[in-house]
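Below: one structure, written as C-alpha coordinates.
Each chain gets a letter, A, B and so on, in the order its sequence line appears, and its residues count up from 1.
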Protein chains: 2
Amino acid sequence: MKEGPDIAGLAALIGDPARANMLSALMAGKALTAGELAGEAGVTPQTASGHLARLVDAGLLLVEVQGRHRYYRIAGPDVAEALETLLVLAERTGRVRARPGPRDEAMRAARRCYDHLAGTAGVAMFDALVANGDLTVGSDGLAPSAAGRARFVAFGIDMDELEGRRRPMCRACLDWSERRPHLAGSLGAALMAAFVSRGWATPDRKTRAMRFTDKGRAEFEAFLRPAARRHVADG
Amino acid sequence: MKEGPDIAGLAALIGDPARANMLSALMAGKALTAGELAGEAGVTPQTASGHLARLVDAGLLLVEVQGRHRYYRIAGPDVAEALETLLVLAERTGRVRARPGPRDEAMRAARRCYDHLAGTAGVAMFDALVANGDLTVGSDGLAPSAAGRARFVAFGIDMDELEGRRRPMCRACLDWSERRPHLAGSLGAALMAAFVSRGWATPDRKTRAMRFTDKGRAEFEAFLRPAARRHVADG
DNA sequence: TCCACGTTTCGGCAGCGGCCGAAACGTCAG
DNA sequence: CTGACGTTTCGGCCGCTGCCGAAACGTGGA
(Lines give C-alpha, C1' and ligand atoms only; values in the text may rest on other atoms or scores of the structure.)
Protein backbone atom coordinates (compact mmCIF):
# COMPACT_ATOMS: atom_id res chain seq x y z
CA MET A 1 0.00 0.00 0.00
CA LYS A 2 1.57 3.16 -1.15
CA GLU A 3 0.51 6.70 -1.67
CA GLY A 4 -1.10 7.83 -4.84
CA PRO A 5 -4.34 7.76 -6.72
CA ASP A 6 -6.38 4.59 -6.78
CA ILE A 7 -5.65 3.61 -10.31
CA ALA A 8 -6.84 0.05 -9.77
CA GLY A 9 -10.41 0.92 -8.95
CA LEU A 10 -10.68 3.22 -11.91
CA ALA A 11 -9.14 0.78 -14.34
CA ALA A 12 -11.27 -2.05 -12.99
CA LEU A 13 -14.31 0.08 -13.63
CA ILE A 14 -13.30 0.55 -17.24
CA GLY A 15 -12.10 -3.03 -17.43
CA ASP A 16 -15.46 -4.73 -17.43
CA PRO A 17 -16.46 -5.63 -21.00
CA ALA A 18 -20.01 -4.35 -20.67
CA ARG A 19 -18.91 -1.04 -19.19
CA ALA A 20 -16.09 -0.69 -21.69
CA ASN A 21 -18.53 -1.21 -24.52
CA MET A 22 -20.79 1.50 -23.14
CA LEU A 23 -17.91 3.90 -22.77
CA SER A 24 -16.71 3.14 -26.26
CA ALA A 25 -20.17 3.78 -27.62
CA LEU A 26 -20.25 7.11 -25.83
CA MET A 27 -16.86 8.09 -27.18
CA ALA A 28 -18.59 9.30 -30.32
CA GLY A 29 -19.71 12.22 -28.21
CA LYS A 30 -23.42 11.75 -28.41
CA ALA A 31 -25.50 11.12 -25.31
CA LEU A 32 -27.28 7.78 -25.33
CA THR A 33 -30.13 6.39 -23.27
CA ALA A 34 -29.75 3.56 -20.81
CA GLY A 35 -31.60 1.23 -23.13
CA GLU A 36 -29.43 2.07 -26.10
CA LEU A 37 -26.35 1.49 -24.01
CA ALA A 38 -27.67 -1.85 -22.87
CA GLY A 39 -27.93 -2.79 -26.52
CA GLU A 40 -24.44 -1.53 -27.23
CA ALA A 41 -23.05 -3.57 -24.38
CA GLY A 42 -25.06 -6.65 -25.17
CA VAL A 43 -26.63 -6.94 -21.72
CA THR A 44 -30.15 -6.62 -20.35
CA PRO A 45 -31.41 -3.20 -19.26
CA GLN A 46 -31.27 -4.03 -15.58
CA THR A 47 -27.64 -5.07 -15.84
CA ALA A 48 -26.81 -1.96 -17.80
CA SER A 49 -28.54 0.16 -15.20
CA GLY A 50 -26.26 -1.11 -12.51
CA HIS A 51 -23.18 -0.47 -14.60
CA LEU A 52 -24.28 3.03 -15.50
CA ALA A 53 -24.96 3.90 -11.89
CA ARG A 54 -21.44 2.90 -11.01
CA LEU A 55 -19.94 4.88 -13.87
CA VAL A 56 -21.89 7.97 -12.88
CA ASP A 57 -20.94 7.50 -9.26
CA ALA A 58 -17.30 7.29 -10.27
CA GLY A 59 -17.54 10.54 -12.18
CA LEU A 60 -16.92 9.02 -15.59
CA LEU A 61 -20.39 9.68 -16.93
CA LEU A 62 -22.97 12.39 -16.53
CA VAL A 63 -26.67 11.68 -16.68
CA GLU A 64 -29.43 13.95 -17.83
CA VAL A 65 -33.05 13.02 -17.18
CA GLN A 66 -35.49 13.79 -19.94
CA GLY A 67 -38.94 12.42 -19.32
CA ARG A 68 -38.70 8.74 -18.82
CA HIS A 69 -35.40 8.57 -20.63
CA ARG A 70 -32.01 8.99 -19.11
CA TYR A 71 -29.28 10.28 -21.35
CA TYR A 72 -25.74 9.37 -20.43
CA ARG A 73 -22.63 11.01 -21.78
CA ILE A 74 -18.90 11.13 -21.09
CA ALA A 75 -18.33 13.37 -18.10
CA GLY A 76 -15.56 15.46 -19.56
CA PRO A 77 -12.57 15.78 -21.86
CA ASP A 78 -10.25 14.19 -19.34
CA VAL A 79 -12.33 11.05 -19.29
CA ALA A 80 -12.41 10.95 -23.06
CA GLU A 81 -8.68 11.49 -23.17
CA ALA A 82 -8.01 8.67 -20.75
CA LEU A 83 -10.17 6.33 -22.80
CA GLU A 84 -8.50 7.46 -25.99
CA THR A 85 -5.07 6.79 -24.49
CA LEU A 86 -6.15 3.33 -23.44
CA LEU A 87 -7.49 2.69 -26.91
CA VAL A 88 -4.25 3.73 -28.51
CA LEU A 89 -2.28 1.55 -26.14
CA ALA A 90 -4.62 -1.37 -26.69
CA GLU A 91 -4.09 -1.00 -30.38
CA ARG A 92 -0.33 -0.77 -30.09
CA THR A 93 -0.15 -3.89 -28.00
CA GLY A 94 -2.22 -5.70 -30.57
CA ARG A 95 -5.39 -6.18 -28.59
CA VAL A 96 -8.23 -6.20 -31.00
CA ARG A 97 -11.48 -7.61 -29.87
CA ALA A 98 -13.07 -10.21 -32.04
CA ARG A 99 -16.24 -10.21 -30.01
CA PRO A 100 -19.30 -11.58 -31.69
CA GLY A 101 -22.03 -9.02 -31.51
CA PRO A 102 -25.18 -7.93 -33.23
CA ARG A 103 -23.94 -4.52 -34.28
CA ASP A 104 -25.54 -3.37 -37.44
CA GLU A 105 -23.62 -2.40 -40.50
CA ALA A 106 -25.73 0.70 -41.03
CA MET A 107 -24.18 2.48 -38.07
CA ARG A 108 -20.76 1.82 -39.42
CA ALA A 109 -21.61 3.00 -42.89
CA ALA A 110 -23.20 6.30 -41.93
CA ARG A 111 -24.31 7.78 -38.66
CA ARG A 112 -24.65 11.15 -37.10
CA CYS A 113 -22.14 12.42 -34.63
CA TYR A 114 -23.95 15.18 -32.80
CA ASP A 115 -25.39 16.90 -35.84
CA HIS A 116 -22.95 16.03 -38.58
CA LEU A 117 -22.19 13.01 -40.71
CA ALA A 118 -19.84 10.33 -39.39
CA GLY A 119 -18.97 6.76 -40.27
CA THR A 120 -17.58 5.55 -43.56
CA ALA A 121 -19.61 8.12 -45.46
CA GLY A 122 -18.48 10.97 -43.21
CA VAL A 123 -14.85 10.03 -43.56
CA ALA A 124 -15.21 9.60 -47.30
CA MET A 125 -16.73 13.05 -47.57
CA PHE A 126 -13.94 14.56 -45.54
CA ASP A 127 -11.29 12.88 -47.66
CA ALA A 128 -12.98 13.91 -50.89
CA LEU A 129 -13.37 17.54 -49.85
CA VAL A 130 -9.72 17.73 -48.88
CA ALA A 131 -8.55 15.89 -52.00
CA ASN A 132 -10.61 18.21 -54.20
CA GLY A 133 -9.14 21.24 -52.52
CA ASP A 134 -12.49 22.38 -51.16
CA LEU A 135 -11.11 22.19 -47.65
CA THR A 136 -7.59 23.09 -46.72
CA VAL A 137 -5.83 21.62 -43.74
CA GLY A 138 -3.48 24.06 -42.11
CA SER A 139 -1.82 24.44 -38.77
CA ASP A 140 -4.70 26.64 -37.69
CA GLY A 141 -7.10 23.86 -38.43
CA LEU A 142 -9.54 23.42 -41.21
CA ALA A 143 -10.91 26.04 -43.55
CA PRO A 144 -12.81 26.09 -46.83
CA SER A 145 -10.87 27.28 -49.86
CA ALA A 146 -12.30 29.93 -52.16
CA ALA A 147 -13.34 27.20 -54.58
CA GLY A 148 -14.83 25.19 -51.75
CA ARG A 149 -16.73 28.16 -50.47
CA ALA A 150 -18.23 28.75 -53.90
CA ARG A 151 -19.11 25.13 -54.16
CA PHE A 152 -20.88 25.05 -50.81
CA VAL A 153 -22.80 28.19 -51.72
CA ALA A 154 -23.81 26.58 -54.99
CA PHE A 155 -24.97 23.59 -52.98
CA GLY A 156 -27.30 25.87 -51.07
CA ILE A 157 -25.30 26.51 -47.92
CA ASP A 158 -25.49 30.04 -46.57
CA MET A 159 -21.81 30.48 -45.90
CA ASP A 160 -22.21 34.08 -44.76
CA GLU A 161 -24.58 32.95 -42.08
CA LEU A 162 -22.22 30.22 -40.94
CA GLU A 163 -19.31 32.63 -40.78
CA GLY A 164 -21.29 34.90 -38.55
CA ARG A 165 -21.83 32.26 -35.91
CA ARG A 166 -19.68 31.78 -32.88
CA ARG A 167 -19.44 28.10 -33.50
CA PRO A 168 -16.36 27.06 -35.48
CA MET A 169 -17.32 26.45 -39.07
CA CYS A 170 -14.94 23.60 -39.76
CA ARG A 171 -13.62 21.17 -37.30
CA ALA A 172 -12.03 17.77 -37.78
CA CYS A 173 -13.70 15.25 -35.53
CA LEU A 174 -12.02 11.88 -35.04
CA ASP A 175 -14.28 9.17 -36.27
CA TRP A 176 -14.74 6.36 -33.84
CA SER A 177 -15.23 3.40 -36.11
CA GLU A 178 -12.92 4.65 -38.82
CA ARG A 179 -10.28 6.23 -36.63
CA ARG A 180 -9.88 8.97 -39.20
CA PRO A 181 -11.26 12.48 -39.22
CA HIS A 182 -14.60 13.61 -40.51
CA LEU A 183 -16.03 17.09 -40.87
CA ALA A 184 -17.66 18.65 -37.84
CA GLY A 185 -18.49 22.25 -37.07
CA SER A 186 -21.34 24.33 -38.44
CA LEU A 187 -20.42 23.46 -42.01
CA GLY A 188 -20.55 19.77 -41.22
CA ALA A 189 -23.94 20.27 -39.64
CA ALA A 190 -25.22 22.32 -42.56
CA LEU A 191 -24.09 19.70 -45.03
CA MET A 192 -25.85 16.90 -43.21
CA ALA A 193 -28.97 19.02 -42.90
CA ALA A 194 -28.83 19.60 -46.64
CA PHE A 195 -28.52 15.89 -47.32
CA VAL A 196 -31.56 15.25 -45.18
CA SER A 197 -33.63 18.05 -46.68
CA ARG A 198 -32.88 16.76 -50.15
CA GLY A 199 -34.04 13.33 -49.14
CA TRP A 200 -30.67 11.71 -49.74
CA ALA A 201 -30.66 10.23 -46.26
CA THR A 202 -32.92 10.07 -43.24
CA PRO A 203 -31.89 9.79 -39.64
CA ASP A 204 -33.00 6.58 -37.98
CA ARG A 205 -35.19 7.50 -35.07
CA LYS A 206 -34.00 4.87 -32.67
CA THR A 207 -30.32 4.83 -33.43
CA ARG A 208 -27.82 7.33 -34.66
CA ALA A 209 -27.67 5.62 -38.03
CA MET A 210 -28.29 7.57 -41.21
CA ARG A 211 -30.12 5.62 -43.85
CA PHE A 212 -29.28 6.65 -47.39
CA THR A 213 -31.75 5.98 -50.16
CA ASP A 214 -30.31 4.37 -53.28
CA LYS A 215 -30.80 7.55 -55.25
CA GLY A 216 -29.46 9.61 -52.36
CA ARG A 217 -26.39 7.44 -52.13
CA ALA A 218 -25.69 7.93 -55.81
CA GLU A 219 -26.13 11.68 -55.58
CA PHE A 220 -23.96 11.79 -52.50
CA GLU A 221 -21.22 9.95 -54.30
CA ALA A 222 -21.53 12.29 -57.23
CA PHE A 223 -21.18 15.15 -54.80
CA LEU A 224 -17.88 13.70 -53.64
CA ARG A 225 -16.39 13.53 -57.11
CA PRO A 226 -13.87 16.16 -58.22
CA ALA A 227 -15.52 19.34 -59.44
CA ALA A 228 -14.24 18.90 -62.98
CA ARG A 229 -16.05 15.63 -63.57
CA ARG A 230 -19.16 16.48 -61.68
CA HIS A 231 -22.33 16.97 -63.67
CA VAL A 232 -24.70 19.65 -62.55
CA ALA A 233 -26.89 17.37 -60.50
CA ASP A 234 -26.42 19.36 -57.35
CA GLY A 235 -28.51 22.40 -58.30
CA MET B 1 -19.48 -5.32 -31.62
CA LYS B 2 -17.30 -4.81 -34.59
CA GLU B 3 -13.59 -4.73 -34.44
CA GLY B 4 -11.71 -2.16 -32.52
CA PRO B 5 -9.21 -2.07 -29.73
CA ASP B 6 -9.96 -4.27 -26.76
CA ILE B 7 -10.01 -1.59 -24.16
CA ALA B 8 -11.74 -3.81 -21.63
CA GLY B 9 -9.06 -6.45 -21.50
CA LEU B 10 -6.35 -3.87 -21.16
CA ALA B 11 -8.13 -1.93 -18.45
CA ALA B 12 -9.00 -5.11 -16.60
CA LEU B 13 -5.34 -6.00 -16.65
CA ILE B 14 -4.47 -2.69 -15.04
CA GLY B 15 -7.52 -2.85 -12.84
CA ASP B 16 -6.40 -5.56 -10.50
CA PRO B 17 -5.07 -4.04 -7.26
CA ALA B 18 -1.95 -6.18 -7.15
CA ARG B 19 -1.04 -5.45 -10.75
CA ALA B 20 -1.85 -1.78 -10.39
CA ASN B 21 0.45 -1.58 -7.40
CA MET B 22 3.24 -3.15 -9.36
CA LEU B 23 2.73 -0.81 -12.28
CA SER B 24 2.61 2.18 -9.97
CA ALA B 25 5.83 1.09 -8.36
CA LEU B 26 7.44 0.79 -11.76
CA MET B 27 6.22 4.25 -12.78
CA ALA B 28 9.24 5.69 -11.01
CA GLY B 29 11.16 4.35 -13.96
CA LYS B 30 13.48 1.96 -12.19
CA ALA B 31 13.46 -1.73 -13.04
CA LEU B 32 12.47 -3.92 -10.11
CA THR B 33 12.78 -7.64 -9.45
CA ALA B 34 9.84 -9.97 -9.17
CA GLY B 35 10.37 -10.29 -5.42
CA GLU B 36 10.45 -6.55 -4.89
CA LEU B 37 7.29 -6.17 -6.88
CA ALA B 38 5.61 -8.87 -4.83
CA GLY B 39 6.41 -6.79 -1.78
CA GLU B 40 5.10 -3.63 -3.42
CA ALA B 41 1.88 -5.36 -4.31
CA GLY B 42 1.48 -7.08 -0.96
CA VAL B 43 1.17 -10.56 -2.40
CA THR B 44 3.28 -13.70 -2.28
CA PRO B 45 5.99 -14.23 -4.89
CA GLN B 46 4.09 -16.94 -6.69
CA THR B 47 1.07 -14.72 -7.05
CA ALA B 48 3.23 -11.86 -8.26
CA SER B 49 4.88 -14.14 -10.76
CA GLY B 50 1.57 -14.91 -12.38
CA HIS B 51 0.64 -11.26 -12.59
CA LEU B 52 3.98 -10.27 -14.04
CA ALA B 53 3.77 -12.96 -16.67
CA ARG B 54 0.43 -11.59 -17.77
CA LEU B 55 1.70 -8.03 -17.87
CA VAL B 56 4.68 -9.03 -19.96
CA ASP B 57 2.49 -11.08 -22.23
CA ALA B 58 0.24 -8.08 -22.71
CA GLY B 59 3.18 -5.91 -23.68
CA LEU B 60 2.93 -3.59 -20.71
CA LEU B 61 6.18 -4.72 -19.11
CA LEU B 62 9.55 -5.84 -20.35
CA VAL B 63 11.64 -8.34 -18.47
CA GLU B 64 15.39 -8.64 -18.38
CA VAL B 65 16.98 -11.72 -16.89
CA GLN B 66 20.11 -11.20 -14.84
CA GLY B 67 21.33 -14.31 -13.12
CA ARG B 68 18.60 -15.58 -10.90
CA HIS B 69 16.87 -12.22 -10.79
CA ARG B 70 14.32 -10.94 -13.20
CA TYR B 71 14.10 -7.22 -13.67
CA TYR B 72 10.79 -5.85 -14.82
CA ARG B 73 10.21 -2.37 -16.19
CA ILE B 74 7.53 -0.42 -18.02
CA ALA B 75 7.58 -1.48 -21.65
CA GLY B 76 7.55 1.97 -23.19
CA PRO B 77 6.55 5.60 -23.05
CA ASP B 78 3.07 4.91 -24.31
CA VAL B 79 2.42 2.57 -21.41
CA ALA B 80 3.72 5.16 -18.97
CA GLU B 81 1.57 7.76 -20.66
CA ALA B 82 -1.55 5.65 -20.34
CA LEU B 83 -0.87 5.01 -16.68
CA GLU B 84 -0.22 8.68 -16.06
CA THR B 85 -3.48 9.59 -17.70
CA LEU B 86 -5.30 7.11 -15.54
CA LEU B 87 -3.56 8.48 -12.47
CA VAL B 88 -4.59 11.99 -13.31
CA LEU B 89 -8.16 10.95 -13.95
CA ALA B 90 -8.27 8.90 -10.78
CA GLU B 91 -7.14 11.94 -8.89
CA ARG B 92 -9.63 14.24 -10.54
CA THR B 93 -12.50 11.94 -9.76
CA GLY B 94 -11.43 11.88 -6.16
CA ARG B 95 -10.02 8.40 -5.98
CA VAL B 96 -7.00 8.90 -3.77
CA ARG B 97 -5.72 6.15 -1.62
CA ALA B 98 -3.50 8.46 0.38
CA ARG B 99 -1.43 11.59 -0.05
CA PRO B 100 0.61 12.04 -3.20
CA GLY B 101 4.12 11.70 -1.86
CA PRO B 102 7.36 13.05 -3.28
CA ARG B 103 8.54 9.68 -4.60
CA ASP B 104 11.66 10.16 -6.65
CA GLU B 105 12.67 13.77 -6.43
CA ALA B 106 14.52 13.78 -9.74
CA MET B 107 11.46 12.45 -11.53
CA ARG B 108 9.31 15.06 -9.96
CA ALA B 109 11.64 17.88 -10.92
CA ALA B 110 12.03 17.05 -14.60
CA ARG B 111 11.12 14.03 -16.65
CA ARG B 112 10.09 13.27 -20.15
CA CYS B 113 6.52 12.56 -21.02
CA TYR B 114 6.73 10.77 -24.35
CA ASP B 115 9.19 13.12 -26.00
CA HIS B 116 8.54 16.40 -24.26
CA LEU B 117 9.45 17.93 -20.94
CA ALA B 118 7.27 17.29 -17.90
CA GLY B 119 7.57 17.68 -14.16
CA THR B 120 8.20 20.93 -12.32
CA ALA B 121 10.43 22.16 -15.12
CA GLY B 122 7.88 21.35 -17.79
CA VAL B 123 5.11 23.12 -15.95
CA ALA B 124 7.35 26.11 -15.27
CA MET B 125 8.18 26.37 -18.95
CA PHE B 126 4.55 26.20 -19.91
CA ASP B 127 3.62 28.90 -17.41
CA ALA B 128 6.48 31.12 -18.53
CA LEU B 129 5.69 30.81 -22.22
CA VAL B 130 2.06 31.68 -21.59
CA ALA B 131 2.94 34.53 -19.22
CA ASN B 132 5.37 35.97 -21.77
CA GLY B 133 2.77 35.80 -24.49
CA ASP B 134 4.75 33.32 -26.55
CA LEU B 135 1.87 30.90 -26.36
CA THR B 136 -1.74 31.90 -26.47
CA VAL B 137 -4.49 29.86 -24.94
CA GLY B 138 -7.73 30.09 -26.84
CA SER B 139 -10.92 28.14 -27.13
CA ASP B 140 -9.41 26.33 -30.10
CA GLY B 141 -6.49 25.22 -27.99
CA LEU B 142 -2.94 26.35 -27.81
CA ALA B 143 -1.00 28.26 -30.45
CA PRO B 144 2.24 30.19 -30.65
CA SER B 145 1.91 33.96 -31.04
CA ALA B 146 3.83 35.83 -33.69
CA ALA B 147 6.37 36.88 -31.09
CA GLY B 148 6.57 33.34 -29.79
CA ARG B 149 7.05 32.00 -33.25
CA ALA B 150 9.93 34.37 -33.87
CA ARG B 151 11.43 33.44 -30.56
CA PHE B 152 11.29 29.71 -31.25
CA VAL B 153 12.84 30.26 -34.66
CA ALA B 154 15.63 32.29 -33.03
CA PHE B 155 16.10 29.41 -30.64
CA GLY B 156 16.75 27.16 -33.60
CA ILE B 157 13.38 25.50 -34.04
CA ASP B 158 12.28 24.97 -37.63
CA MET B 159 8.71 26.18 -37.20
CA ASP B 160 7.89 25.76 -40.87
CA GLU B 161 8.78 22.11 -40.64
CA LEU B 162 6.64 21.64 -37.53
CA GLU B 163 3.68 23.30 -39.17
CA GLY B 164 3.92 20.93 -42.08
CA ARG B 165 3.50 17.88 -39.90
CA ARG B 166 0.25 16.15 -39.20
CA ARG B 167 0.99 16.04 -35.50
CA PRO B 168 -0.49 18.95 -33.54
CA MET B 169 2.19 21.52 -32.83
CA CYS B 170 0.96 22.60 -29.44
CA ARG B 171 -0.97 20.57 -26.97
CA ALA B 172 -1.49 21.04 -23.27
CA CYS B 173 -0.76 17.83 -21.46
CA LEU B 174 -1.81 17.52 -17.86
CA ASP B 175 1.18 16.90 -15.65
CA TRP B 176 0.80 13.97 -13.31
CA SER B 177 2.91 15.14 -10.38
CA GLU B 178 2.11 18.83 -10.71
CA ARG B 179 -1.54 18.52 -11.74
CA ARG B 180 -1.07 21.46 -14.07
CA PRO B 181 -0.49 21.53 -17.81
CA HIS B 182 2.80 21.35 -19.63
CA LEU B 183 3.57 21.74 -23.31
CA ALA B 184 3.21 18.69 -25.52
CA GLY B 185 2.92 18.39 -29.29
CA SER B 186 5.66 18.70 -31.85
CA LEU B 187 6.79 22.04 -30.45
CA GLY B 188 7.16 20.55 -26.99
CA ALA B 189 9.18 17.72 -28.48
CA ALA B 190 11.37 20.08 -30.50
CA LEU B 191 12.09 22.19 -27.44
CA MET B 192 13.15 19.23 -25.36
CA ALA B 193 15.30 17.96 -28.20
CA ALA B 194 16.94 21.39 -28.35
CA PHE B 195 17.64 21.33 -24.64
CA VAL B 196 19.29 17.96 -24.97
CA SER B 197 21.33 18.89 -28.03
CA ARG B 198 22.61 21.97 -26.24
CA GLY B 199 23.70 19.85 -23.34
CA TRP B 200 21.37 21.55 -20.89
CA ALA B 201 19.90 18.25 -19.80
CA THR B 202 20.39 14.57 -20.51
CA PRO B 203 17.76 11.86 -20.35
CA ASP B 204 18.43 9.25 -17.71
CA ARG B 205 18.79 5.92 -19.47
CA LYS B 206 16.99 3.77 -16.96
CA THR B 207 14.24 6.12 -15.89
CA ARG B 208 12.29 8.87 -17.56
CA ALA B 209 14.04 11.49 -15.48
CA MET B 210 15.81 14.40 -17.17
CA ARG B 211 19.01 15.47 -15.46
CA PHE B 212 19.87 19.12 -15.90
CA THR B 213 23.45 20.24 -15.58
CA ASP B 214 24.04 23.26 -13.36
CA LYS B 215 24.89 25.38 -16.34
CA GLY B 216 21.99 23.96 -18.31
CA ARG B 217 19.61 24.69 -15.49
CA ALA B 218 20.74 28.32 -15.42
CA GLU B 219 20.39 28.70 -19.16
CA PHE B 220 17.00 27.03 -19.06
CA GLU B 221 15.83 29.47 -16.43
CA ALA B 222 17.17 32.37 -18.47
CA PHE B 223 15.20 31.01 -21.39
CA LEU B 224 12.06 31.21 -19.32
CA ARG B 225 12.50 34.87 -18.45
CA PRO B 226 10.48 37.51 -20.30
CA ALA B 227 12.01 38.48 -23.61
CA ALA B 228 12.71 42.05 -22.51
CA ARG B 229 15.03 41.04 -19.73
CA ARG B 230 16.62 38.16 -21.50
CA HIS B 231 20.25 38.51 -22.56
CA VAL B 232 21.23 37.06 -25.86
CA ALA B 233 22.39 33.73 -24.49
CA ASP B 234 20.06 31.75 -26.66
CA GLY B 235 21.67 32.47 -30.01
C1' DT C 1 -57.76 6.40 -14.77
C1' DC C 2 -55.42 2.83 -16.98
C1' DC C 3 -51.85 0.99 -19.65
C1' DA C 4 -47.32 0.95 -22.01
C1' DC C 5 -42.69 1.83 -21.68
C1' DG C 6 -38.08 2.97 -19.91
C1' DT C 7 -35.56 2.41 -15.96
C1' DT C 8 -34.24 0.91 -11.42
C1' DT C 9 -34.07 -2.27 -7.28
C1' DC C 10 -33.86 -6.75 -5.28
C1' DG C 11 -32.52 -11.55 -4.85
C1' DG C 12 -30.15 -15.48 -6.12
C1' DC C 13 -27.19 -18.04 -9.10
C1' DA C 14 -22.90 -19.15 -11.48
C1' DG C 15 -18.38 -18.48 -13.17
C1' DC C 16 -14.17 -16.14 -13.48
C1' DG C 17 -10.04 -15.10 -11.36
C1' DG C 18 -7.05 -13.96 -7.55
C1' DC C 19 -4.91 -16.09 -3.68
C1' DC C 20 -1.88 -19.30 -1.35
C1' DG C 21 0.63 -23.96 -0.25
C1' DA C 22 3.48 -27.21 -2.23
C1' DA C 23 6.82 -28.35 -5.27
C1' DA C 24 9.99 -27.92 -9.28
C1' DC C 25 13.48 -25.31 -11.92
C1' DG C 26 17.64 -22.53 -12.50
C1' DT C 27 21.44 -19.92 -10.61
C1' DC C 28 25.02 -18.85 -7.48
C1' DA C 29 28.19 -19.81 -3.54
C1' DG C 30 30.91 -22.84 -1.00
C1' DC D 1 27.87 -31.86 -5.08
C1' DT D 2 25.05 -29.55 -1.86
C1' DG D 3 22.38 -26.03 0.01
C1' DA D 4 20.31 -21.39 -0.24
C1' DC D 5 17.74 -18.33 -2.85
C1' DG D 6 14.80 -16.25 -6.44
C1' DT D 7 11.36 -17.52 -9.42
C1' DT D 8 7.90 -20.23 -11.73
C1' DT D 9 4.25 -23.95 -12.25
C1' DC D 10 0.50 -26.62 -10.48
C1' DG D 11 -3.67 -27.50 -7.92
C1' DG D 12 -7.43 -26.26 -5.25
C1' DC D 13 -10.04 -23.09 -2.44
C1' DC D 14 -12.92 -19.08 -1.99
C1' DG D 15 -14.79 -14.62 -2.64
C1' DC D 16 -16.20 -11.12 -5.68
C1' DT D 17 -19.06 -9.56 -9.13
C1' DG D 18 -21.47 -9.74 -13.31
C1' DC D 19 -25.63 -11.74 -14.97
C1' DC D 20 -30.60 -12.32 -15.28
C1' DG D 21 -35.74 -12.91 -13.69
C1' DA D 22 -39.12 -10.70 -11.18
C1' DA D 23 -41.06 -6.78 -9.55
C1' DA D 24 -41.48 -1.82 -8.36
C1' DC D 25 -41.23 3.07 -9.73
C1' DG D 26 -42.05 7.14 -12.61
C1' DT D 27 -43.44 9.24 -16.86
C1' DG D 28 -46.27 9.91 -20.90
C1' DG D 29 -50.11 8.91 -23.75
C1' DA D 30 -54.94 7.33 -24.56
Could you list the protein-to-nucleotides 15-18 of chain C atom pairs, N/O on both sides, closer than 3.5 Å?
| residue | atom | partner | partner atom | Å |
| --- | --- | --- | --- | --- |
| C/dG18 | OP1 | B/Arg19 | NH1 | 3.3 |
| C/dG18 | OP1 | B/Arg19 | NH2 | 3.0 |
| C/dG18 | OP1 | B/Arg54 | NH1 | 3.4 |
| C/dG18 | OP2 | B/Arg54 | NH1 | 3.0 |

**OP:** Find the distance B/Arg70:CZ to C/dC28:P and express it as a whole number of Å.
**Re:** 13 Å
**OP:** May I ask you to test the B/Leu23-B/Met27 pair for a side-chain heavy-atom distance under 4.5 Å?
**Re:** no
**OP:** Using a 4.0 Å heavy-atom cut-off, write out nucleotides 22-28 of chain D from 5' to 3' as B (base contacted by protein), S (sugar-phosphate only) or - (no contact).
**Re:** B---BBS
Original post:
Any ion pair linking A/Arg70 and A/Glu36 (charged N to carboxylate O, less than 4.0 Å)?
Top reply: no
Original post:
Any side-chain heavy atom of A/Met210 sitting closer than 4.5 Å to one from A/Val196?
Top reply: yes
Subject >> Closest to side chain of B/Tyr72, choosing from D/dG21, D/dT8, C/dT8 >> reply: D/dT8
Original post:
Who passes side chain to side chain contact (heavy atoms under 4.5 Å, CB included) against A/Ala12, sequence neighbours left out?
Top reply: none
Original post:
Between D/dG6 atom C1' and B/Leu52 atom CG, what is the distance in whole Å?
Top reply: 13 Å
**OP:** Only counting residues at least two apart or in another chain, list the ones meeting ring-ring contact (aromatic ring centres under 6.0 Å, His included) with B/Phe212.
**Re:** B/Phe220
Original post:
In chain order, what residues pass the side chain to side chain donor-acceptor pair (under 3.5 Å) check against B/Thr213, with sequence neighbours excluded?
Top reply: none
**OP:** Side-chain contact test, heavy atoms from C-beta onward, threshold under 4.5 Å: evaluate it for A/Leu61 versus A/Leu26 and give yes or no.
**Re:** yes
Original post:
Whole-Å distance between D/dG6 C1' and B/Leu37 CG?
Top reply: 13 Å
**OP:** Using atom CD of B/Glu64 as one end and atom P of C/dT27 as the other, report the distance to the nearest whole Å.
**Re:** 16 Å
Subject >> pair B/Thr93-A/Asp78: side-chain heavy atoms closer than 4.5 Å >> reply: no
**OP:** Report the distance from atom CG of A/Leu55 to atom C1' of D/dT17, rounded to the nearest whole Å.
**Re:** 15 Å
**OP:** Would you mind checking if A/Lys215 and A/Glu219 are paired as a salt bridge, meaning a charged N to carboxylate O distance below 4.0 Å?
**Re:** yes
Original post:
Side-chain contact, heavy-atom cut-off 4.5 Å: A/Leu89 with B/Ile7?
Top reply: no
**OP:** Write down the distance between CG (A/Asn21) and P (D/dC19), rounded to a whole number of angstrom.
**Re:** 10 Å
Original post:
Does any non-hydrogen side-chain atom of A/Leu191 lie less than 4.5 Å from one of A/Ile157?
Top reply: yes
Original post:
Could you give the angle between the helix axes at the two ends of the helix from C/dT1-D/dA30 to C/dG30-D/dC1, with five pairs per end, rounded to 10 degrees?
Top reply: 30°
Original post:
For A/Met22 and D/dC19, what is the distance between atoms CE and C1' respectively, to the nearest whole Å?
Top reply: 12 Å
Subject >> Protein-nucleotide distance (A/Leu13, atom CG; D/dC16, atom P), rounded to Å >> reply: 18 Å
